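Input: a single structure, listed below in C-alpha cells.
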Amino acid sequence: MNWIVNLVLFICVVPSAVIMFLLGFPKNPEKKKMIFGVRNNPRFHEGEAAGKVLEITASCRKAALIITVFVCLMSIVLLFLPPTRFTVLAWTLLVYALFLVAIPFGKGNTELKSLKKQLGITRKGVVYADLTNTSAVHGLKKPWLILPNAVCLAVSVFAILADTGVIKIAETLACERGALTLMSQSFLFLGIIIIPIAFMMDNVKNAVISKDSNINANYNRAKKKCWADLLVATSWANALYVAVYTVLCMFIYNDIVLVTGVLVYTLILVSCVAIGVKTQMTVEKRYERDTDLELLDDDDYWILGMFYFNPNDTRLNVEKRFGYGGTVNIAHPAGKVIMIVTAVLLLATIGFLIWAAVSGNMDMLSVNEPFWGPAIRTSGQNL
Amino acid sequence: MIIKIDEYSDVPIYMQIRNQIVMGISSGELKGGEQLPTVRALALEIGINTMTVSKTYQLLKSEGYIMTDRKNGARVRENIARSGVLSGENKTELRRIVSEARLSGVSKSELKKLIDEFY
C-alpha cells in the first residue's frame, strides 16, 4: 500500500520542482518584471552591466537546474525503492530539498542588488497610490467561496452521522469505522484554510502601473479575479470530490478506489494551480505595454528576494517575488508570529521525522495503520 | 488620480498627500463631489499610519477643500470658497520660489510662462 504514497509524492514533488525552476529562473530574465526578486531596470541591459547581469543569471540558473535535476532523479529512485522507514524520511527530506533552489535565487538577488548600487540606481522611498481605485478593486465573489465550504460541512456532518450509525445507507460500511469522518474533516479543514487565503489575496495592495486610473483598475481587477477564480475552483473541486468520494467509500473501499481517488484529487489540484499560473502570466504580459510609471523600488526590503521586512509599511500581506502567491511583512507584529510559528513547525517536522526514523517509530506513520487507528477502533467498539 | 509619496522628503507625508490632493482639485483630476478613499483604505494602500491620513483629511477639511460626514466619508467640496487673495503663508512660499529662480538665472518671462502653464 505504501507505493501509493510513493506515487503521490512523486506526482507532487516533480512538477513542483519544475514549476519552481521555471518561475524563479526563466530563460529570458531581461524580459521579466523581476530578476531574482530585484525589479528589472533598463540600465541592467546597457553596456557592461548587461554582460554582468547575463553572467549572474546564467550561473544561478545553472545551479538551480542542477538542484532541480537532482530532486527529479531522486524522486524517480525513491519511487521504485521498497517502502521502509528511511524511504519515508528520504521523501520528506526531498520535499524540503525543493527549497534548495532558494539558495541560487538568494545569491542572484544579492549580486543584482550590489550591481544596482554600483550603477547608482536608487528610487528608494517612493510610493504610489491611486486615489480612484483605493479599496474599490476586488475580484472575489464571497458566496461562491462560502457555498462549497457549506457543501463540505454538510458532507462532514453526513459522514459523522453515517459513521455513528444514525444514518444507514448501506447495511455495513465498506471502510473502517471513523474513516469517513476523518476523511471528510480533512477536506473540510483544507476548504476552511482556503477562505482566509482568498480574502487575503483579494485585499492585497493595488499595484499602480500607470498614470491612467482605468488601466490600474483593470490590471488589479484581472489579477485579483485570477486569484479568486483559482481559489473558488479549488474549493468547489474539494467539496464535490469529498461528496462523491464519501458516498463511494461507503459502498466500495479497496486499493483501486484509494489510488484512483488520490490521483484524481492530486490531478484536479495541480490542474487548478497550472491554469491559475498561466492566466496570471497572461495578465502580466497583457499589461506590460501599459506600464508607464517608474515603479516602486522596495528591493532592499526584500531579504534575499524572498522575505519582506519593511518596518515603514503597515501592510501585513504582500505579493511574493519568488514563486506564486502572497507572503507576510515580517516587520508587522502578526507577520513575526506567523514566521516564527512556520519556522518552528518546519523544524519540528524535520526533527520529529528524523527521530522517528532513527528510533524505529516511523511505523506509527504507516498508511495501513495510522497512529489514530487504534483510538478510533476503541471508540468505535465503545459506541 | 495618482499620488506619489516620497518617504525621504523633508516635507511630511501628511503634507505631501494634502498638496497633491489640492493640485488634483485645481487641475480638475478630482472633481467636485468626488468620493475620496476612506482613511483606513488610503493608509493601507500607501502603507502608512491611519493617523497620518486622518491628519491630512482634517487639514483639507479645515481649509475648505473637502467635506466629511459619517455616512458618505470624505468628498471633494462642490463649491470651494474663492477668497480671491493668496494666504500669507503661500505669499512667503511664492517669494522664496521667485528668489530662488532669480538666483538661478531664470528670467521673469520664463517664470511667468511657467505660472501660465500651471495656472
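Model, not experiment: these values are computed from the prediction. For the numbers below, each heavy atom of this structure counts, side chains included, while hydrogens, waters and symmetry mates do not.
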Would you mind listing every side chain to side chain donor-acceptor pair (under 3.5 Å) that reaches into residues 192-202 of chain A, with sequence neighbours excluded?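 Matches after skipping sequence neighbours: His138(A)-Asp202(A).
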For chain A, which candidate among Leu44(B), Ile21(B), Ile3(B) shows the most heavy-atom pairs at distances under 4.5 Å? Ile3(B)
With a 4.5 angstrom heavy-atom cut-off, is it the side chain or the backbone of Ile17(B) that approaches chain A, or both, or neither?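 No part of Ile17(B) comes within 4.5 Å of chain A.
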Give, as side chain, backbone, both or neither, the part of Ile48(B) having an atom under 4.5 angstrom from any heavy atom of chain A.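 Only the backbone of Ile48(B) comes within 4.5 Å of chain A.
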Can you tell whether the side chains of Asp299(A) and Lys113(A) come within less than 4.0 Å, N to carboxylate O? no
With sequence neighbours left out, what residues match Arg40(B) under side-chain hydrogen bond (donor to acceptor under 3.5 Å, both in side chains)? none
Would you tell me whether Asn310(A) and Asn329(A) have side-chain atoms, one donor and one acceptor, within less than 3.5 Å of each other?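 No, because no side-chain N or O of Asn310(A) sits under 3.5 Å from a partner of the opposite role on Asn329(A).
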